[in-house]
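What follows is a short report on a single structure.
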Amino acid sequence: MSILEALNPAQCEAAEIVDGPLLILAGAGSGKTRVLTYRIAYLINELGVNPWNILAVTFTNKAAGEMRERVEKLVGGMAGQIWGGTFHSICARLLRFEAEPFGLDSNFTIYDEDDRRAAMRRVMEAHDIDDQDLKPRAVIAQISRAKNSMLDPHQFALEAGESPHQQQIAELFTSYEAELRRNNAFDFDDLLVEVVRQFDNHPEVLAKYQERFRFLLVDEYQDTNRPQYLFCRQLAAAHRNICVVGDDDQSIYQFRGADIRNILDFERDYPEAKVVRLEQNYRSTGRILAAANAVIQNNQRRKGKELWTQAGDGELIELVECDTDRREARYIVDKLRRFINYEGYSPGDTAILYRTNAQSRALEEELQRSGMPYIIVGSIRFYERKEIKDILAYLRLLANPADDINLLRIINVPRRGIGATSLERLQVFAREQSLGLYAALDHLDQVPRLGGRAVKSLTEFRDLAHGLVADRGGMDLPELGQAIFERSGYRQMLLDENSPEAEVRAENVDQLIAFMTEFSQTREEPTLESFLEEIALMSPLDESPDTSKMITLMTLHSAKGLEFPLVFLSGMEEHLFPTSRAIEESQTNPQAIEEERRLCYVGITRARERLFMTYACRRYTFGKMIETSPSRFLDELPSELVALRREVDFSARAPRPGAARHGSGNQIFAAPEKPKRKPEPKGVHYEWDEPPASQGADDLPTYIDASDPFAVGQWVKHPSWGRGEIVAREGQGEKMKLSIRFKGSQVKKVAVAYARLEPA
DNA sequence: CAGCGGTTCATTTTT
DNA sequence: TGAACCGCTG
């Protein structure tokens with residue numbers, strides 16, 4: 001009996017066709033991941049394929065890990081031998097493994113957006129270009145686009161033609177590339193481009209991998225860009241065993257070079273390709289699916305498919321109009337509390353999705369008041385925090401001393417009295433001698449016009465670095481992190497600051513070191529380089545481990561591939577979703593709106609049972625209240641699927657059908673909510689279903705729970721800051737942080753586990 | 001050299 | 001609204 005009997009006929013076919021190219025067109029919720037895992041298990045268990053011969057490309061590293069786990073359940077420990085990960089992490093590993101034949105230094109650094117910008121600034125300075133009239137960001141965007149089209153600086157210059165502006169960018173492109181090579185660094189785009197070029201130039205290396213990766217699986221194929229497409233084509237050229245899975249309706253990364261043609265033209269690239277369509281949806285209710293189908297139908301450019309389900313209709317989709325973004329947030333949080341308290345949902349069943357990260361702020365404030373556990377995916381990324389980036393910069397310096405950009409970040413952090421003037425002198429010297437800055441530190445006596453104080457400070461820094469390099473061999477990863485934290489004076493700097501914020505930052509560094517410990521215990525090769533690489537290529541989702549227990553807030557992009565029983569799509573407004581940019585662009589190109597619509601489709605299809613879509617009539621934007629209008633996508637929802645309600649006055653719970661008219665007016669008004677009898681709450685219960693009488697300066701109700709000493713509204717005493725009122729809190733248990741308003745009305749953020757707080 | 005206060009500018013989305 | 005950048009002062 002085959003393991004594939006657990007699959008439906010279409011899924012079974014998709015898992016079984018293992019010879020030659022295969023395109024699986026998998027609609028949202030059609031069991032795609034299930035097919036992929038069974039396919040791999042089938043290859044290994046029933047066809048005796050060595051897992052070592054399988055390469056699985058996924059969209060996040062987390063997804064790769066989950067797939068490996070699921071395969072493991074079917075085939076056992078051998079699953080660990082499957083190569084899996086994102087294009088970027090796979091390519092980074094390839095570049096390190098093959099550094100020698102490729103003529104590279106395997107200790108290269110991977111530049112993120114910040115590093116990239118810093119590098120570009122430096123290049124522009126060298127070219128004497130004022131960054132006011134040519135912004136580094138814009139130049140980088142153009143370079144990135146060029147790389148995603150596989151253009152090198154030379155080809156870019158040819159395409160630029162006569163335009164002096166474009167020629168200037170071409171020059172900057174050339175210098176930027178030189179700068180990165182000098183620093184032994186690659187940016188995100190380079191990782192892919194470099195592998196493709198190297199494979200072209202080293203067919204013997206390519207052949208090795210073609211031989212090894214006899215079975216190629218690529219998930220989210222609709223979001224591949226040109227270099228990724230070429231990479232796949234290179235690997236598959238010999239055996240043509242390539243299985244790609246995708247959904248043209250869920251292509252949402254064209255802004256970063258994804259080319260929808262890669263999926264639309266798959267059958268042209270591989271004429272012998274078989275195509276399997278998965279259209280039965282196992283995720284959502286009939287109404288949710290109908291809404292999704294109705295919206296996406298407005299796109300012209302698609303392969304065309306219609307999802308269907310055997311599940312029932314389910315509830316109506318609720319469309320909620322709120323007068324402000326604040327009210328919208330409050331409505332959502334209030335609704336969540338009810339679902340969690342009385343409808344048997346747990347926080348982990350729920351998600352709030354939005355178009356832009358900026359929208360998370362108002363929602364977060366409301367959630368903080370509520371005390372319900374939540375996690376924001378991606379907006380304030382752990383590895384982008386100053387203190388984390390600083391400590392990482394020290395680590396990167398040890399791994400790759402040739403990286404000036406990195407060294408400049410920390411040479412005066414903590415303050416060592418090394419100022420701009422001294423640094424400039426050092427840089428001029430280094431440039432003249434063709435030395436990296438780190439190497440130049442060994443010749444301080446030869447640097448012209450360097451003051452005695454500066455020499456002393458720079459020597460101090462050099463000795464610090466040398467010391468760490470010398471001792472590195474005898475330390476494991478977390479010890480090294482700890483040593484950097486201590487010896488660099490970073491910990492002392494935070495201690496001296498003696499503020500709650502500094503405490504939190506110290507705690508963050510401790511967290512980083514804790515992760516280093518975990519890393520060195522769980523990874524096969526816990527080297528410094530692999531650690532830095534993993535962090536550099538981490539997606540926001542890879543960073544947040546426990547979305548399963550909390551209300552999850554994230555962008556629609558981050559939500560791709562996920563599902564939740566209860567979903568809120570917030571900010572359904574013109575100029576926000578679709579964005580102003582897309583609207584503007586659609587003046588000249590009607591298809592510009594289509595990617596936004598696909599994003600909307602992705603959002604709708606995340607929901608299993610209940611879907612709420614909300615919009616505000618006025619929204620705080622750039623500190624100003626802006627009048628808004630409902631998103632055009634709402635007009636595309638069939639009226640019979642939707643219940644419309646209005647949230648105007650918070651204290652009046654019942655909706656007030658009223659003045660404002662919406663869009664084409666095809667929505668129904670919901671009957672006023674009938675007063676429900678409260679069932680006995682089960683499990684965790686979040687308080688304040690009935691809001692207490694409003695209090696406080698504004699007319700917003702403040703919720704207070706007297707049994708919880710750290711509830712919002714309670715007073716506490718801080719050893720150094722005195723008495724203060726808790727105005728907000730985040731996190732749980734040991735990680736709980738409080739925002740406290742002390743006298744002088746300054747608000748400080750405090751980690752409960754660190755600050756010795758007393759009730760006051 | 002560091003710290004302060006003023007100004008300006010920005011929001012897509014992410015590896 | 002706020003982060004990020006600039007220029008001035010001590």
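Lettering of chains follows the sequences in order, A, B, ..., and the numbering in each one begins at 1. No experiment lies behind these values; they were computed from the predicted model shown.
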Exercise. Evaluate the criterion side chain to side chain contact (heavy atoms under 4.5 Å, CB included) for residue pair Leu367(A) and Ile551(A); output intermediate values, then yes/no.
Key: CA-CA 9 Å; Leu367(A) 281 163; Ile551(A) 298 167; 3.9 Å; yes
Quiz item: Closer than 4.0 Å, any side-chain N/O of Arg117(A) to the OP1 or OP2 of dA4(C)?
Solution: no
Quiz item: With the threshold set at 4.0 Å, does a side-chain nitrogen-carboxylate oxygen contact exist between Lys32(A) and Glu220(A)?
Solution: yes
Exercise. Provide, to the nearest angstrom, the distance between the CZ atom belonging to Phe622(A) and the P atom belonging to dT8(B).
Key: 16 Å
Quiz item: For Asn412(A) and dA2(B), is the shortest distance between a side-chain N/O and OP1 or OP2 below 4.0 Å?
Solution: yes
Self-check item: Result of checking Ile140(A), Asn148(A), Ile143(A), Asn225(A) against Asp189(A) for side-chain contact (heavy atoms from CB on, under 4.5 Å)
Solution: Asn148(A)
Quiz item: Tell me: CG of Leu423(A) to P of dA2(B), nearest whole Å?
Solution: 10 Å
Quiz item: Do Tyr354(A) and His557(A) make the cut of ring centroids closer than 6.0 angstrom?
Solution: no
Quiz item: Base, sugar-phosphate alone, or nothing: which one does Tyr253(A) contact when heavy atoms must sit under 4.0 Å apart?
Solution: sugar-phosphate
Exercise. Starting at atom CZ of Phe188(A), determine the distance to atom P of dT13(B), rounded to an integer number of angstrom.
Key: 15 Å
Quiz prompt | Selection from dT14(B), dA10(B), dC1(B) that lies nearest to any side-chain heavy atom of Ser422(A) | solution = dC1(B)
Exercise. Output, in order, the C-alpha distance, side-chain angles, deciding distance and verdict of side chain to side chain contact (heavy atoms under 4.5 Å, CB included) for Ile583(A) and Arg632(A).
Key: CA-CA 11 Å; Ile583(A) 292 173; Arg632(A) 65 188 66 189; 3.6 Å; yes
Exercise. Determine the contact category for Thr555(A): base if any of its heavy atoms lies under 4.0 Å from a base atom, sugar-phosphate if only primed atoms, P, OP1 or OP2 are that close, otherwise nothing.
Key: sugar-phosphate
Quiz item: Between Arg396(A) and Asp115(A), is there a salt bridge with N-O shorter than 4.0 Å?
Solution: yes
Quiz item: Any idea which of dT15(B), dT11(B), dA2(B) is nearest the Arg415(A) side chain?
Solution: dA2(B)
Self-check item: Phosphate contact (dT1(C) OP1 or OP2) by Arg619(A) side-chain N/O below 4.0 Å
Solution: no
Self-check item: Distance in angstrom units between Met493(A) CE and dA2(B) C1', rounded
Solution: 14 Å
Quiz prompt | Upstream residue (5' side of DNA chain B) when Thr621(A) and Phe59(A) are each assigned their closest nucleotide | solution = Thr621(A)
Practice problem: Mind calculating the distance between CZ (Arg145(A)) and P (dT14(B)) to the nearest angstrom? | Solution: 19 Å
Quiz item: Taking only side-chain nitrogens and oxygens of Ser89(A), does any of them come within less than 4.0 Å of OP1 or OP2 of dT15(B)?
Solution: no
Quiz item: Contact class for Arg453(A) vs. all strands (heavy atom < 4.0 Å): base, sugar-phosphate, or nothing?
Solution: nothing
Self-check item: Closest to the Ala358(A) side chain, choosing from dT15(B), dT13(B), dT11(B)
Solution: dT11(B)
Self-check item: Any Ser539(A) side-chain N or O less than 4.0 Å from OP1/OP2 of dT15(B)
Solution: yes
Exercise. Decide, yes or no, whether a salt bridge links Glu594(A) with Arg302(A) under the criterion of side-chain N to carboxylate O below 4.0 Å.
Key: no
Quiz item: Which value, in whole Å, describes the distance between the P atoms of nucleotides dA4(C) and dT13(B)?
Solution: 15 Å
Self-check item: Given DNA chain B, 5'-ward residue of the pair His88(A) and Glu585(A), judged by closest heavy atom
Solution: Glu585(A)
Quiz item: When all nucleic acid strands are considered with a 4.0 Å heavy-atom cut-off, which category describes Leu576(A): base, sugar-phosphate, or nothing?
Solution: nothing
Exercise. Evaluate whether the aromatic ring of Tyr620(A) and the six-membered ring of the dT1(C) base sit under 5.5 Å apart, centre to centre, with an inclination under 30°.
Key: no
Exercise. Report yes if a side-chain nitrogen or oxygen of Thr421(A) is closer than 4.0 Å to either non-bridging phosphate oxygen (OP1 or OP2) of dC1(B); otherwise report no.
Key: yes
Quiz item: When we call it a touch if two heavy atoms are under 4.0 Å apart, what does Asn357(A) touch: a base, just sugar-phosphate, or nothing?
Solution: sugar-phosphate
Exercise. Pick base, sugar-phosphate or nothing for Arg116(A), based on heavy-atom distances below 4.0 Å to the nucleic acid.
Key: nothing
Self-check item: Nucleotide dT13(B), atom P - distance to CZ of Arg137(A) in whole Å
Solution: 10 Å
Practice problem: Round to a whole Å and report the spacing from CG of Leu541(A) to P of dT15(B). | Solution: 9 Å
Quiz item: Has Arg121(A) got a side-chain N or O lying under 4.0 Å from the OP1 or OP2 atom of dC5(C)?
Solution: yes
Quiz item: Can you tell me if the side-chain N/O atoms of Ser558(A) get under 4.0 Å from OP1 or OP2 in dT14(B)?
Solution: yes
Quiz item: For Ala420(A), which contact category applies under a 4.0 Å heavy-atom criterion: base, sugar-phosphate, or nothing?
Solution: sugar-phosphate
Practice problem: Report the distance from atom CG of Asn61(A) to atom P of dT15(B), rounded to the nearest whole Å. | Solution: 9 Å
Self-check item: Presence of Arg326(A) side-chain N/O under 4.0 Å of dT1(C) phosphate oxygens OP1/OP2
Solution: no
Quiz item: Glu595(A) near the nucleic acid: base, sugar-phosphate alone, or nothing, with a heavy-atom cut-off under 4.0 Å?
Solution: nothing
